[in-house]
Amino acid sequence: HTERVRTLAVTGKGELISGADNDPIHVWNTNSGRLLATETFQCVSYYIYVLLVIPALAKSKKNNNETGKEEEKEEELLLGSGHDNSISVWSVSTGQLLRTLVGHTHSVTMLAQDNSIRNRRQVVSWAKDNTVKVWCVDTGLQVRSFASECNSDSSMVVTSRGDWLVCATGKDRFLSVWNLKTGEKIR
């Protein structure tokens, strides 16, 4: 990169994906350190704040060369956001832009995946408009939105059951917890 690197993500194959200011997304071989690609993921914004790799939501059929039978294989997705107020969803294997999640009015600086079994198709975003949005990644639809007190120095995570969103704010030194189903602040 020629500018400041802001975010990293790792694929299931162990490739490192990096996003920086005013620079294309880069894909690296973690074993050799070699740069594999710079134009794989086309972006509207080259100011990437956060990247997130998640399992695919739709299974793609692939022909197994050894058996000759079609197999269903899950494909990974890359989510990325920058200062254009949206979240891009790409196929990791092809780099194709699948959809764009639109709804924030300021830069999206945090993403978290809901890893619970019933909600694994959801991702949570926070933007500088002080809203949290819950998205269904396979449809691109916003599930819910609520105001939050997180800030750009925060980090957030969805609990393993998918019920709560926990946000740790760096400057204020406190944890906030929201019910993801209702958007109600718990503490």
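From Q122, atom CD reaches atom NZ of K133 across 14.5 Å, with rounding to the nearest 0.5 Å.
A side-chain donor-acceptor contact under 3.5 Å links D129 to the backbone of T105. For R99 (side chain) and D138 (main-chain N/O), a donor-acceptor pair under 3.5 Å exists by modelled atom type. The closest donor-acceptor contact from the side chain of R6 to the backbone of V50 lies at 3.5 Å or more, if one exists at all. No donor-acceptor pair under 3.5 Å is formed between the side chain of S81 and the backbone N or O of S86. T7 places a side-chain N or O within 3.5 Å of a backbone atom of L51 that can act as its donor or acceptor partner.
Donor-acceptor pairing under 3.5 Å is recorded for the side chains of W126 and S148. A donor and an acceptor atom, one from each side chain of S93 and S91, are located under 3.5 Å apart. Looking only at atom types and distance, the side chain of S125 has a donor-acceptor partner in the side chain of H104 under 3.5 Å away.
In terms of hydrophobic clustering, with Ile, Leu, Val, Met, Phe, Trp and Tyr side chains grouped at heavy-atom distances under 4.5 Å, L98 and L52 are assigned to a common cluster.
In this structure, W28 places its CH2 atom where more than 12 heavy-atom neighbours from other residues, nucleotides or ligands lie under 6.0 Å away.
For R4, the salt bridge (Lys or Arg N to Asp or Glu O under 4.0 Å) partners at least two apart in sequence or on another chain are D21.
For the pairing with V10, the side-chain contact (heavy atoms from CB on, under 4.5 Å) check across L16, T30, I17 returns one residue only, L16.
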